[in-house]
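Taking it in order: structure first as structure tokens, then the write-up.
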Amino acid sequence: MPSLVLRERMENMSLVLVITIALFFGHIGDSEGGDLRKDFYKSACPLAEEIVKDITWKHVASNSVLPAKFLRMHFHDCFVRGCDGSVLLDSTAKHRAEKEAVPNQSLSGFDVIDKIKEKLEETCPGIVSCADILALVARDSVSFQFKKSMWEVLTGRRDGRISRQSEALSNIPSPFFNFASLKQSFANKGLSLHDLVVLSGGHTIGVGHCNFFSNRLYNFSGKGDQDPSLNPTYASQLKAQCKTLSDNTTTLAMDPGSPLSFDSHYYMALNQNQGLFQSDAALLTNKESSKIVSKLLDQDGFFTEFGQSMKRMGAVQVLTGSNGEIRKKCNVIN
Ligand code: HEM
């Protein structure tokens with residue numbers, strides 16, 4: 001018997017030892033961030049995060065649509081070759097870049113990223129990646145409304161050297177997707193159904209062009225009909241603004257009533273069948289997903305979940321260590 005007790009004690013001790021070693025090397029507790037770290041630039045560029053925040057806040061103060069642009073830009077970056085800043089690259093003589101793909105043509109704010117990069121290169125040249133700048137700018141721009149950071153951004157991403165229009169088209173989910181395609185698109189990036197529903201809450205800010213949803217108003221099943229899952233009163237309001245099936249210039253708020261405010265109102269609108277895109281409405285077509293929608297009506301709950309899902313999205317296929325490079329300018333490779 002005593003030898004059994006001894007063996008158990010020794011097993012417990014070795015378990016403690018394994019956990020201690022794992023914690024020391026950082027392999028436990030960062031399962032969402034992989035090789036990314038908190039305060040990656042603390043010693044090499046201690047002012048990095050402050051510089052990003054200051055310049056971002058200065059620009060958002062005078063341009064309230066920027067948070068929507070940056071949040072979407074970060075999402076589109078992460079879904080194509082991972083969060084590697086590839087969305088920031090310009091086309092070359094040989095290749096059309098991600099920027100030129102239809103879903104990216106309404107992105108803006110690249111000039112702000114360039115200004116931040118310029119300042120960082122002055123302060124600590126060759127240290128801070130464009131991929132990290134984008135992840136921080138997405139967080140800081142949304143956080144401006146609250147005057148505090150809304151989620152933690154781990155850093156240590158490095159920049160990719162490839163950007164292809166075709167890859168943006170094939171990896172960024174379409175607003176015409178049904179539930180199964182949306183779920184698959186997120187699963188392809190290692191993200192769950194829960195992440196899909198939570199991150200769709202990004203549509204609480206910003207606008208959408210009519211042509212991404214006008215089929216729901218004018219020609220849903222090819223017979224000149226309206227999407228029966230769309231709230232009819234809301235549909236008439238939309239029709240008053242998007243007058244034709246082909247209007248590709250008018251934009252409408254995705255979260256009617258509060259398009260500049262980051263809040264959980266998107267889920268309230270969604271639950272009243274006022275999701276703008278088919279991809280929004282699709283979240284109500286699955287039992288598990290619509291349960292999550294109802295839970296996210298609670299704003300504090302939404303904020304917590306959004307932060308956690310952003311952390312997972314921000315870690316998708318990141319380049320770390322000696323992979324990739326630290327670009328000198330965000331729009332061209334070194
Ligand atoms: C689930 C699949 C998604 C689809 C199909 C989708 C689709 C779209 C479309 C079509 C637009 C309108 C673009 C335009 O007309 O200019 C849009 C806007 C936007 N999306 Fe998504 N999106 C998805 C997920 C996300 C995620 C995960 C985020 C961020 C976490 C996000 C953030 C935004 C924001 C902030 C805007 C507004 C952009 C602006 O005002 O310019 N979306 N999305």
Side-chain angles (χ1 to χ4, degrees), residues 60 63-80 83 87 99 101-110 134-135 137-139 141-142 145 150-151 153 168-189 191-216 238 241-242 247-255 258-263 266 270 275-286 289 292-293 296 302-303 305-314 316:
V60 174
N63 186 358
S64 56
V65 304
L66 282 177
K69 307 294 174 195
F70 290 134
L71 185 60
R72 186 161 183 247
M73 198 188 285
H74 181 40
F75 160 50
H76 286 195
D77 185 31
C78 294
F79 266 56
V80 188
C83 318
V87 71
K99 264 181 192 173
V102 169
N104 286 333
Q105 285 171 2
S106 50
L107 293 180
S108 63
F110 294 104
L134 181 50
V137 167
R139 188 266 314 269
S141 58
V142 169
Q145 178 196 333
M150 291 301 280
W151 60 88
V153 172
L169 269 180
S170 55
N171 285 280
I172 295 168
S174 151
F176 305 105
F177 271 5
N178 63 18
F179 179 76
S181 308
L182 288 170
K183 194 176 165 200
Q184 187 59 54
S185 160
F186 273 60
N188 292 345
K189 304 295 159 191
L191 297 171
S192 66
L193 159 63
H194 190 259
D195 293 320
L196 163 66
V197 183
V198 170
L199 292 172
S200 293
H203 288 178
T204 175
I205 50 173
V207 295
H209 285 78
C210 292
N211 54 310
F212 289 133
F213 58 85
S214 48
N215 67 317
R216 305 184 73 200
L238 296 178
Q241 290 163 284
C242 300
D247 178 351
N248 60 3
T249 50
T250 312
T251 56
L252 261 59
M254 293 187 295
D255 178 9
S258 65
L260 292 175
S261 168
F262 188 83
D263 52 31
Y266 163 82
L270 190 57
L276 193 59
F277 303 126
Q278 247 161 276
S279 56
D280 296 307
L283 302 179
L284 296 180
T285 63
N286 171 274
S289 160
I292 303 171
V293 168
L296 295 170
F302 167 58
F303 288 169
E305 295 297 334
F306 194 80
Q308 287 172 2
S309 288
M310 282 301 288
K311 210 167 174 180
R312 281 191 283 276
M313 188 184 89
V316 168

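All values below come from the heavy atoms of this structure, side chains included, with hydrogens, waters and symmetry mates left out. Indexing begins at 1, ligand by ligand and atom by atom, following the structure's order.
- Judged by distance alone, the side chains of D280 and S200 never bring a donor and an acceptor atom under 3.5 Å apart.
- Around atom 21 (Fe) of ligand 1, the protein atoms of type N, O or S found under 2.8 Å away are H203 NE2, listed by chain and number.
- Residues satisfying the ring pair (Phe, Tyr, Trp, His ring centres under 6.0 Å) test with H203, not counting sequence neighbours, are F277.
- For the atom pair OG (S106) and NE2 (H76), the distance works out to 7.5 Å, reported to the nearest 0.5 Å.
- In terms of N/O distances under 3.5 Å, ligand 1 is not approached by M310.
- Annotation: S106 places an N or O atom under 3.5 Å from an N or O atom of ligand 1; distance criterion only.
- No side-chain donor-acceptor contact under 3.5 Å links N188 and S185.
- The protein atom (non-hydrogen) at minimum distance from atom 35 (C) of ligand 1 is A68 O, 3.2 Å.
- Protein heavy atom closest to atom 9 (C) of ligand 1, with residue, atom name and distance, is F277 CE1, 3.4 Å.
- Closest protein heavy atom to atom 3 (C) of ligand 1: P173 CG, 4.1 Å.
- In terms of protein heavy-atom proximity, atom 40 (O) of ligand 1 is nearest to V207 N, 2.9 Å.
- Counting atoms of ligand 1 from 1 in the listed order, those under 4.0 Å from a heavy atom of L196 are 1 (C).
- Distances from ligand 1 to the non-hydrogen atoms of F186 include at least one value under 4.0 Å.
- Of all atoms in ligand 1, numbered sequentially from 1 with element shown, those under 4.0 Å from a heavy atom of S174 are 5 (C).
- Atoms OG and CG, from S279 and L182 in turn, are 5.5 Å apart once rounded to the nearest 0.5 Å.
- With a 4.0 Å heavy-atom cut-off, ligand 1 is reached by the side chain of L182 but not by its N, CA, C or O.
- Residue L199 approaches ligand 1 through these ligand atoms, each under 4.0 Å from one of its heavy atoms: 26 (C), 27 (C), 28 (C), 29 (C), 30 (C).
- Side-chain contact annotation: S258 with D255, donor-acceptor N/O pair under 3.5 Å present.
- Scanning for ring pair (Phe, Tyr, Trp, His ring centres under 6.0 Å) contacts around F262 gives F302, F303, F306, with sequence neighbours left out.
- More than 12 non-hydrogen atoms from other residues, nucleotides or ligands lie less than 6.0 angstrom from NZ of K99.
- Scanning all protein heavy atoms for the shortest distance to atom 14 (C) of ligand 1 gives H209 ND1, 3.2 Å.
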Audit row: R312, L191, side chain to side chain contact (heavy atoms under 4.5 Å, CB included) steps and yes/no: CA-CA 7 Å; R312 281 191 283 276; L191 297 171; 3.9 Å; yes
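- Side-chain atoms of R216 come within 3.5 Å of backbone N or O of L276 as a donor-acceptor pair.
- Closest to atom 29 (C) of ligand 1 by heavy atom, among V65, V142, L71, is L71.
- Under the side-chain contact (heavy atoms from CB on, under 4.5 Å) rule, Q308 has a single partner from M310, E305, K311, which is E305.
- Remark: F75 pairs with F79 by the ring pair (Phe, Tyr, Trp, His ring centres under 6.0 Å) rule, at least two apart or across chains.
- Put simply, NZ on K189 and CG on L196 are 14.5 Å apart, with the number rounded to the nearest 0.5 Å.
- The nearest protein atom to atom 41 (O) of ligand 1, hydrogens excluded, is given as K69 NZ, 2.5 Å; this is a heavy-atom distance.
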